[in-house]
Amino acid sequence: MNTVDQPLIECFQKVCSSIGSFKTGITQIYLLDNLYIYHCHYDIQKKKIIVDEHQRNRLNEINLDESTHSNVLFYEESQSLWIYARPVIQNGEHKYTLVTKYPEKNNKKILQILEILAKQLSYQLVTQPNLKSLFLHSKYQQQITNTIEEGYLTVDQNGIITFINQMGTSILGLDENELTGKLLLGILPNFNPSPLVTLQTKENWVNREVSFDLPKGKIHLIFSVTPLFENGISVGIVITFREMKIIMKKLESLVNINPIFQFEDIIYKSTSMQELVKTAKVAAKTESNILIEGESGTGKELIAQAIHNQSQRKGKPFVVIDCSSIPRDLVESELFGYVDGAFTGARKGGRLGKFEVANGGTVFLDEIGEMPLEIQVKLLRVLQTRTITRVGGHEPTPCNVRIIAATNRNLEEEVEYENFRLDLYYRLNVLQLTIPPIRERVGDIPLLAKTLVEVAANRTNRHSPIISMETMKILESYSWPGNIRELENVIERAILIAHDVIEPEHLPNYLLNALVKSDKRKPAQSIILNDVNSINEMEKELIRNTLDHVYWNKSLAARKLGISRSNLYEKIAKYNIEQVIDKY
């Protein structure tokens, strides 16, 4: 077999492969030119097309008249076979003849098959090389397409694949020889409508979705289509595509927040927080939904991140959804996404919802109490079926997420007021965590304040000052309605105007005024009004006010002060603190 003939033979073999195992009734195919006959047959044992070595064409023996274009050339009496032929055109010239033999005359099925094969062969020999030259003007462009991170294939105006890059074959799990020269819709039949429609509409398609069942399994693709024209004449299309699962992995690094907090980052020494963290660590080992309750600024998201980072979903997406900040009419599309054309203004190709982005990870629903009732119904269905359906779509998509919800409302009361669904409350409240406000964990305030001073100083490139005793007593005495978030703001303001020591005058006026106006049971009021300088007197006054504040419940007072109960009894005896009974 001459090397000069190899491209032609490979082309012939590829075309003959189109009729598979010759179940059509055709058993042998011949390609004739002026000098040679190329013979192709199907090997049953090897289960593939075999092209035999070519032999000298003995036209005089079969009396083949190349000038005729009729479908049936003549009847071969010796074999009782009719010979069928179709011309193969190259550069407008009848260059080859495709021939087969069959016992029936004018068999329409055989004629149609031979016609298709002849056209395919003509295309393979001429059209495809020309289109490759058009699509890839140089070898450097072809190298470029093999370096991009998405599939890239070109299709001619007849729907035949002319080129596919290495990433494309990897995504589809098919060899280049299995794709080039084949009909696009024969390989990927799920396109509806066909991308070739863009040749009529002259419009690009951007980020459309489609799923295919291929030998490697089911794949979900996002694809875009660009129609190509030369001198106003359509020549084909370019399709770029990516696997959805790859897109999802890339989105994970861009999702809302990177969960950085661990349980070790939580600052506390109070008993109430010790119990909370202990319960949260147990919850992290489960897959159950969690409801975190607590006032604004208590650190609900910090606890949620710590749970995620100690769970089996660590390293997976952690998606934060603030239910109070999303416009009511956009909540559903933000959570569950939408399909192309779902509503006016919808982005072409549709959009992924937060639940799809979080697949395999955790969804943190902050301020769940603000979620509209109609969306609560859809969320309940997601929790029950573990699937989501995009806005405007009909096909459910599996969704494997864990829900951690948080609220500063009393959801039991919201259920009574019919602002929150009871069934959804039970679905979310499998494990409940309640974060105490910092006014109930007084012993944690010095630790929190000192840590926040260091953090704020580093962030503002300033020296880290110390907190004076008087200032610390004031911080411990304030009620902190904004909790840790408010404490952080106060500390940051103080280090901007203080030098080496944060004094009471470095605190905001509203905080000092609130203490002056507070009830006599509020700690540290007498410290501010009477300017007590003695540390012992300040401690005595703090203990007395704390005991009065909790109606002399010594266990609760000890927890608020961050000391043991026995230590509290010692200090009561030391300072001779007595309970004052109101006679009235």
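Since this is a predicted model, take the numbers as computed values, not measurements.
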Got Ile267 and Asp444 here, is their nearest side-chain heavy-atom distance under 4.5 Å? no
When you compare the side chains of Ser477 and Arg439, does any donor N or O come within less than 3.5 Å of an acceptor on the partner? no
Determine, using ring centers only, whether Phe241 and Tyr152 are less than 6.0 Å apart. no
Student check: side-chain heavy atoms of Val363 and Ile321 closer than 4.5 Å: yes
Taking all non-hydrogen atoms of both residues, which atom of Ile307 and which atom of Ala280 are closest, and how far apart? CG1-O, 3.9 Å
Of Val225, Leu188, Ile164, the one forming a side-chain contact (heavy atoms from CB on, under 4.5 Å) with Ile239 is Val225
Quick one: CG on Asn400 to CD on Glu287, what's the gap to the nearest 0.5 Å? 7.0 Å
For Glu332 and Lys378, what are the C-alpha separation, side-chain angles and deciding distance, and is it a salt bridge (Lys or Arg N to Asp or Glu O under 4.0 Å)? CA-CA 8 Å; Glu332 186 177 0; Lys378 296 182 181 295; 3.3 Å; yes
Identify whether NZ of Lys or CZ of Arg in Lys218 sits under 6.0 Å from the centre of the six-membered ring of Phe212 and within 45° of that ring's axis. no
Which atom names give the shortest non-hydrogen contact between Ser211 and His220, and what distance separates them? OG-CD2, 3.6 Å
List, one per line, each side-chain donor-acceptor pair under 3.5 Å for residues 504-511, sequence neighbours excluded.
unit_1 : atom_1 : unit_2 : atom_2 : d
His506 : ND1    : Glu503 : N      : 2.9
Tyr510 : OH     : Glu486 : OE2    : 2.9

Residue pair Ile438 / Thr298, side-chain heavy-atom distance below 4.5 Å: no
Which atoms form the tightest heavy-atom contact between Val357 and Pro317, and what is the distance? O-CG, 3.5 Å
Is there a donor-acceptor contact under 3.5 Å from the side chain of Asn289 to the main chain of Arg427? yes
Whether Glu293 and Lys300 form a salt bridge (side-chain N of Lys/Arg under 4.0 Å from carboxylate O of Asp/Glu) is what I want to check. no
Leu184 side chain reached by Pro195 side chain, heavy atoms, under 4.5 Å: yes
To the nearest 0.5 angstrom, please state how far the CG atom of Leu379 sits from the CD1 atom of Ile368. 5.5 Å
Atom CZ of Arg381: over 12 foreign heavy atoms under 6.0 Å: no
Relative to each other, are the rings of Phe336 and Phe355 parallel, tilted or perpendicular (30° and 60° limits)? tilted
For Thr162 and Asp156, does a side-chain donor sit closer than 3.5 Å to a side-chain acceptor? no
Closest heavy-atom pair, Lys202 versus Leu199, reported as atoms and distance to 0.1 Å, is CG-O, 4.0 Å
What distance separates Lys182 NZ from Ile187 CD1, expressed to the nearest 0.5 Å? 5.5 Å
Validation row: Leu302, Gln305 side chains within 4.5 angstrom (heavy atoms): no
For the residue pair Ala283 and Arg402, what are the closest heavy atoms and their distance? O-NH2, 2.8 Å
Please list, one pair per line, the donor and acceptor atoms closer than 3.5 Å that link side chains of residues 411-425 to other protein atoms, with sequence neighbours excluded.
unit_1 : atom_1 : unit_2 : atom_2 : d
Glu412 : OE2    : Tyr425 : OH     : 3.3
Glu414 : OE1    : Arg409 : NH1    : 3.3
Glu414 : OE1    : Asn419 : ND2    : 3.1
Arg421 : NE     : Asp423 : OD1    : 3.0
Arg421 : NH2    : Asp423 : OD2    : 2.7
Tyr425 : OH     : Asn429 : ND2    : 3.1

Can you tell if the side chain of Val282 reaches within under 4.5 Å of the side chain of Thr279, non-hydrogen atoms only? no
Would Glu295 and Asn408 count as having a side-chain donor-acceptor pair, cut-off 3.5 Å? no
Using modelled atom types only, decide if a donor and an acceptor are shared between the side chain of Thr471 and the backbone of Ile467 within a distance under 3.5 Å. no
For Val155, the option from Leu185, Leu196, Ile160 that meets side-chain contact (heavy atoms from CB on, under 4.5 Å): Leu196
Atom CD of Gln312 with >12 non-hydrogen neighbours under 6.0 angstrom: no
Could you report the tightest heavy-atom contact between Glu150 and Asn165, atom names first, then the distance? O-ND2, 3.2 Å
Close side-chain approach of Ile375 and Glu334, heavy atoms under 4.5 Å: no
Is there side-chain contact between Arg485 and Ser296, with heavy atoms separated by less than 4.5 Å? yes
Roughly how far apart are Ser333 OG and Lys354 NZ, rounded to 0.5 Å? 10.0 Å
From Arg441 atom CZ to Met273 atom CE, the distance as rounded to the nearest 0.5 Å: 4.0 Å
With no hydrogens and no angle check, is any side-chain donor or acceptor of Thr154 less than 3.5 Å from a backbone partner on Phe163? yes
Separation of Ile292 CD1 from Ile303 CD1 (nearest 0.5 Å): 6.5 Å
